[in-house]
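Take a look at the structure set out below.
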Amino acid sequence: MPELPEVEVIARGLCTALAGRSIVSVEVPGLTRLSESADTLVPKVLGHTVGRVYRRAKVLLIEMADGLTLAFHLKMTGRVVHGEKRAAHKHDRIMFDLDDGSQLVFSDMRKFGYVRSFAPGELENWAFLQKAGPEPLETSPEDLADLIKGRKAAIKGLLLNQSVVVGVGNIYADECLFRAGIHPASRADRVSRAKRVKLFSELQAVLRQAISENGSSISDYVNADGDAGSFQNSFNVYGKKGQKCPTCKTSLEVAKVAGRTSTFCPKCQPKR
DNA sequence: CCAAGCACCTGACGGC
DNA sequence: TGCCGTCAGGTGCTTG
């Protein structure tokens, strides 16, 4: 999926494209899993005008002028694309026709993603957001470092844990651990505070750079205009098992950490 | 409380 | 070719 940078890029693109547009009709082709039935979702959104589009954690939020909010979680393969009205494609889940003739399409090959609606004021009561940790780009590296102080879990698992800090997935976890020189399986309580601060500084840098490069496209991700990102060209380690470390030329290795494939340099990211 | 493992889905790819 | 196992950007639930 789209991690924080990808959802942020989609949200920024949609905010410009959708603000002021109203929803004139909704199609639900091959529906499999909305969090509520199309019968109740569709009437709620018809006729509403988009106020703004933004992101919280990895969730894309389309807020209508009256406060009604649509929340999209893209999970692994979800896409939200705005463009000219077209016929439904194979994995399209819900299509919103807008008053200027354009169309917003949510598609999701693996069907893990979902769309749900919140009445004005209800969003803040959503359990998913209530248990979500802080935004990594709106919190100091020092404060983030202190959040995992003393934890015995693998540091990568904590990066991926959305109740610790939001927005980080497998790509950006591996990339910031490499930049900070920390082995993904290191217990957080065995990593010095200076190293932890370094880790979150690097996390911020990598997220900001990824946003500026339109996100990372492995196979599914495209932005709101349907275009791929380019940050995948800047990966140091993610998906590069067996290739040479860009710093020391050692062959990159993989390990399962917190259930996820983790690629790292055994020399630059020593386990201790 | 924490962490691990599996479940949810479809498709792509590599090995035989 | 085809079948089978493995893997994939995430999260939620169950189990220990």
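Chain A is the first sequence line, chain B the second, and so forth, proteins listed ahead of strands; every chain is numbered from 1. Since we're looking at a predicted model, the values are computed, not measured.
- Rounded to whole Å, the P atom of dC6(B) lies 16 Å from the corresponding atom of dG5(C).
- Among the atoms of the strands shown, base atoms are found under 4.0 Å from some heavy atom of Ser216(A).
- Of the charged side-chain nitrogens involved, none lies within less than 4.0 Å of a carboxylate oxygen, so that Arg56(A) and Glu8(A) do not count as a salt-bridged pair.
- Under the side-chain contact (heavy atoms from CB on, under 4.5 Å) test applied with Leu144(A), the options Leu147(A), Asp146(A), Ile148(A) reduce to a single match, Leu147(A).
- Remark: P of dG9(C) and CD of Glu175(A) are 13 Å apart, rounded to the nearest angstrom.
- One interatomic measurement links the two molecules: CG of Leu147(A) to C1' of dC2(B), which rounds to 17 Å at whole-angstrom precision.
- The phosphate of dG9(C) has neither OP1 nor OP2 within less than 4.0 Å of any side-chain N or O from Tyr172(A).
- Checking the phosphate oxygens (OP1, OP2) of dT10(B), no side-chain nitrogen or oxygen of Lys90(A) falls inside 4.0 Å.
- Side-chain contact of Glu253(A) with Thr263(A): a donor-acceptor pair under 3.5 Å is absent, judged by distance alone.
- Picking from dG12(C), dT11(C), dT10(B) the nucleotide with the shortest atom distance to the side chain of Gln162(A) gives dT11(C).
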Identify all pairs in which a protein N or O lies below 3.5 Å from an N or O of nucleotides 3-7 of chain B, and state each distance.
{"unit_1": "dA3(B)", "atom_1": "OP1", "unit_2": "Ala153(A)", "atom_2": "N", "d": "3.0"}

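- In terms of phosphate contacts, His73(A) brings no side-chain nitrogen or oxygen within less than 4.0 Å of OP1 or OP2 of dG10(C).
- Between the C1' atom of dC9(B) and the CZ atom of Arg79(A) lies a distance of 16 Å, rounded to the nearest Å.
- Under the Watson-Crick or G-U wobble criterion, with both distances below 3.5 Å, dG9(C) has no partner in any strand shown.
- Summarising the geometry, the separation between CG on Asp174(A) and P on dG9(C) is reported as 9 Å, rounded to the nearest angstrom.
- Ring to ring, Phe128(A) and His73(A) are close: their centroids are under 6.0 angstrom apart.
- Thr77(A) contributes no side-chain N or O that forms a donor-acceptor pair with the base of dG9(C) under 3.5 Å.
- Checked by atom type, the side-chain pair Thr261(A)/Lys256(A) shows a donor-acceptor distance below 3.5 Å.
- The side chain of Met109(A) approaches dG11(B) more closely than any other nucleotide in the set dA8(C), dG11(B), dT11(C).
- The P atoms of dT6(C) and dG5(B) are separated by 16 Å, rounded to the nearest whole Å.
- In this model, the phosphate group of dG11(B) is approached by a side-chain N or O of His91(A) to a distance below 4.0 Å at OP1 or OP2.
- Distance, Arg110(A) CZ to dA12(B) C1': 11 Å, rounded to whole Å.
- Dashed line: the shortest gap from a side-chain N or O of Arg260(A) to OP1 or OP2 of dG10(C) is under 4.0 Å.
- Within the nucleic acid shown, Lys256(A) comes within 4.0 Å of sugar-phosphate atoms alone, with no base atom in reach, counting heavy atoms only.
- The interatomic distance linking Arg55(A) (CZ) with dG10(C) (C1') rounds to 15 Å, in whole Å.
- Using a 4.0 Å cut-off between charged nitrogen and carboxylate oxygen, Arg86(A) and Asp92(A) count as a salt-bridge pair.
- We find that Asp189(A) and Arg151(A) are not joined by a salt bridge, their nearest charged nitrogen and carboxylate oxygen being 4.0 Å or further apart.
- Between the CE atom of Met76(A) and the P atom of dT6(C) there is a distance of 17 Å, given to the nearest Å.
- The P atoms of dT14(C) and dC9(B) are separated by 16 Å, rounded to the nearest whole Å.
- Between Phe112(A) and dC9(B), no base-stacking contact is recorded for ring centres under 5.5 Å apart and planes less than 30° from parallel.
- At the heavy-atom level, Phe128(A) lies under 4.0 Å from the strands shown only through sugar-phosphate atoms.
- With Thr77(A) contributing its side chain and Arg110(A) its backbone, the two residues share a donor-acceptor pair below 3.5 Å.
- Here Lys58(A) does not reach the OP1 or OP2 of dG9(C): none of its side-chain N or O atoms lies under 4.0 Å away.
- Taking atom NZ of residue Lys241(A) and atom P of nucleotide dT6(C), one finds them 14 Å apart after rounding to whole Å.
- Ring centroid separation for the pair Phe106(A) and Phe72(A) comes in under the 6.0 Å cut-off.
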